[in-house]
Amino acid sequence: MNADSFIWWDWVDRHLGEIRTATYEHLRLTVIAVGLGFVLSLALALLSLRWRAARAIVTGLAGLLYTIPSLALFAVLVTITGFSTLTAEIGLVGYTLLILVRNIIEGIEGVPAAVREAAEGMGLNPLRRLVAVDLRLATPAIVAGLRIATVTTVGLVTVTGLIGMGGYGSFIDEGLKRSFSTEIVVGAGLSVVMAMALDSVLVGIQRVLTPWQRSSRHRTNLGYELPKPIA
Amino acid sequence: MSGALAQFGQYVTDHHHWDGPRGIPHRTVEHLRLSVTAMVAAAAVALPLGAWLGHVRRGGVVVQWLVNIGRAVPSLAILAILFPLSLRYGFGLGFWPTVPALVVLAIPPMFANAYAGVRGVDPATVEAARGMGLRPAQVLSRVEVPTALPLILTGVRVATLQVIATATLSAYVGFNGLGSFINEGFRQQDDAKLLTGAVAVATVALTVDALFVLLVRRATPWRMASARPSRKGTT
Amino acid sequence: MVPALRLVAVSKRFPGARTDAVADLSLDMPEGTVTALVGPSGCGKTTTLRMINRLVEPTSGSIDLFGTDIRQLDVHELRRRTGYVIQQAGLFPHRTVAANIATVPQLLGWDKQRVRERVDQLVGLVGLDPELLGRYPAELSGGQQQRVGVARALAADPPLLLMDEPYSAVDPIVRAHLQDELLDLQRRVRKTIVLVTHDIDEALKLADQIAVLNIGGVLEQFATPDELLRAPASPFVEQFLGRERALRRLALQPVGTGPIGPVPEVVEGLPTVTTGAPLREALDAIVAWGVEQVVVVGDDGSPVGGLDLLTITERIGNAPSRRDTA
């Protein structure tokens, strides 16, 4: 084995246990962040749809948060809440908000007025209409938002690793400190794999939830969500 | 926290922190130099390719695939992988290992928006342009790109913001930009320094964003037209 | 005389399609006339139009413009010499009204002064408020946009104007107004116009001759509006034309263009129609006033003749005429 070798497989072999732990930590941080972020975003989006003022405040603050570098945010949070899952999650959830709130709002606003009127005309009460019509038809936009949020969060969790909160980022951090490429490649590679895997899961979920969109020939949208302007 | 804020106030008002290669101005300029280099390189790839694919109305799947991959790759991962390679092949610390990571970060929003913007131009407008005898290159440059400009500029704006925020990570591979305040502050447990870095990056990002808003308004006066419905007879 | 536009056995089958979009279509369109292509969706009328400016290339057959096969012309030159107006106007949203109108002259390299003069001239021609020149399309109503579309198409003074459902996106009142404007415009500029429409009344009102197309681009009949209404060539054409064909023919024929009777002995108490009014107006007056005949007056208001029901009936020639029965 050459000392200069880019990746040492026997290192990987010897550290399978750590890799498994890191995978679990990485996944846990991601899933909690996107899950909490989604619940919070749904509430904020409904609030924003109800009151115009709330909308300006919510999207404005979320946009502002988005411009703060992740490394800085996590580092600052550590000084307040210390090295904990809470610290990581505050930052991670914060970053999901802008993407998710915007997509939920746009998804619901994108429901054709005629459909909404028809639902109203059939006597659905507001809650039923929201669940059975609005959210259902907004599913593609919402899932598109979840996909971006998830993939982004997987990347951000590597940053939380830099400040010692586990996950694949800890491999990258250690590799950088020791100038040991194997650890860097393992950490970076696995986070890409996780991002793609979670993205595929969400695509699958969308397929199941929106059978009417499966005839892709007649799909008018581009099949993916475009990045939207900040604030 | 108020203690940290007071320290932060002291830190940024100390003129020592405004001088020399470790000062705020120098690091800001370096940060911008890095961001601009990455943005120019990414735009040179993403915008022509995206616009052209949108013009020929093909490659939606490829665009989607590229955008997904681009998003899935964490910048830190690219940075970390390139760092040892850069050292080995003599590109050194800091600047060059970071640029490709930022380029990969900046490409997806610009690429997707250039593609979607051009592709989404009203078919009637394109039809009229062709019917009037514009050559394909003229249709693209005189009609499709100008019409898609709001979306294209939005893509550039989003990419720029992400690049400025993410260029912070370059400090981890030895780049002397604004991220260095954060990195050093974190390691030295100097909250004032850390906050300085965070505030400086956010300030730069928000300033650039505000400039973008002005630029977009200047570049697309016709968009304001649709926001003035009072002049219209009927919609 | 060589027709302005001649289609010879033109067929089009799109790749992958099992049937023709246009089948063996031959039409002659004389210079300075309006030809309408009408028919239901899928009859190939738009495809036919788009073959004339080569946005679609025919599978077989040829199209001659003033005696020259259009395939011998540079496609972009051909299009710059052909005005093209489409349904949604297709204005460039990022350019002002003036810049939209100036598109083709600029492509042709006219100098600024000449472009400006031409734009001013066109604004008057299509009845557009000059104040709108600096505005953007999004600030215009549908009718105004359509006028700009026509001005833009006429900018380089092309001999041929192609119009694809130009008025179907505007409301009926504006549409009628725009149609009148087009007739007025045509009297002044005398272009060769090909108009695609699914609205048979629009075709009857605007066209000198009408080609009725059936599904698959099959030509059912090519005739003047009057002839079409008098003698539909097939049940399809009859159905497409709808009811009240005789009344609609009356609407097409001005009083002064055919035989009228002598001035009635007593003109007091009788309604009057001018020689320029359609026959339908004379009939309407007879029915409404409950009289035997109306007085036809000239432009100066002096009586020049009379019209009774029988003469009107004879004029459209459907009923057995007096001479036949005599």
Side-chain angles (χ1 to χ4, degrees), chain A residues 4 6 63-76 78-80 147-148 150-152 154-159 161-163 168-169 171-173 175-176 179-181 183-185 187-199 203 222-231, chain B residues 1 4 60-61 63-64 67-69 71-81 83-85 87-88 108-109 112-113 115-117 119-120 151 154-155 157-159 161-162 164-169 171-173 178-179 181-183 185-186 189 191 194-195 197-199 201-202 205-206 209:
Chain A
D4 242 15
F6 201 55
L64 188 66
L65 195 62
Y66 210 72
T67 61
I68 300 174
S70 52
L71 190 60
L73 183 69
F74 289 125
V76 171
V78 166
T79 67
I80 304 164
R147 287 175 62 189
I148 299 175
T150 305
V151 166
T152 311
V154 172
L156 283 171
V157 172
T158 60
V159 177
L162 281 188
I163 51 170
Y168 297 138
F171 290 135
I172 296 175
D173 188 36
L176 281 173
S179 289
F180 179 45
S181 59
E183 268 189 286
I184 296 174
V185 172
L190 286 177
S191 64
V192 174
V193 171
M194 183 177 285
M196 309 276 261
L198 290 178
D199 195 47
V203 172
L222 295 163
Y224 58 88
E225 190 59 22
L226 293 169
K228 291 295 185 331
I230 306 282
Chain B
M1 197 62 199
V61 180
V63 175
Q64 182 177 359
V67 168
N68 283 348
I69 298 261
R71 280 216 188 96
V73 182
S75 306
L76 183 62
I78 301 177
L79 188 63
I81 290 174
F83 179 57
L85 290 177
L87 285 183
R88 184 183 300 181
N113 274 28
Y115 175 80
R119 176 141 198 184
L151 257 187
T154 297
R157 183 177 158 204
V158 171
L161 282 184
Q162 289 179 349
I164 289 174
T166 310
T168 317
L169 293 178
Y172 263 76
V173 291
L178 290 174
F181 288 113
I182 296 166
N183 195 22
F186 185 65
Q189 304 210 342
D191 292 353
L194 204 159
L195 271 178
V199 170
V201 175
L206 290 176
D209 196 43

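In the text below, chain A, chain B and the rest are named by the order of the sequence lines, each starting its count at 1. All values below come from the heavy atoms of this structure, side chains included, with hydrogens, waters and symmetry mates left out. Being a predicted model, the structure only gives us computed values, none of them experimental.
Contacts of A:Ser70 with chain B are absent, with no heavy-atom separation under 4.5 Å from either backbone or side chain. In this structure, chain A has a heavy atom under 4.5 Å from the side chain of B:Ala205, while its backbone stays farther away. Neither the backbone nor the side chain of B:Val199 comes within less than 4.5 Å of any heavy atom of chain A. For chain A, no part of B:Gln189 is nearby; none of its heavy atoms comes within less than 4.5 Å.
Shown here are the ring pair (Phe, Tyr, Trp, His ring centres under 6.0 Å) partners of B:Phe83, two or more places apart in sequence or in another chain: there are none.
For the options A:Ile172, A:Ile184, A:Leu73, heavy-atom pairs under 4.5 Å to chain B are most numerous at A:Ile184.
Among all heavy-atom pairs drawn from A:Thr158 and B:Leu76, the shortest one is O-CD2, 3.6 Å.
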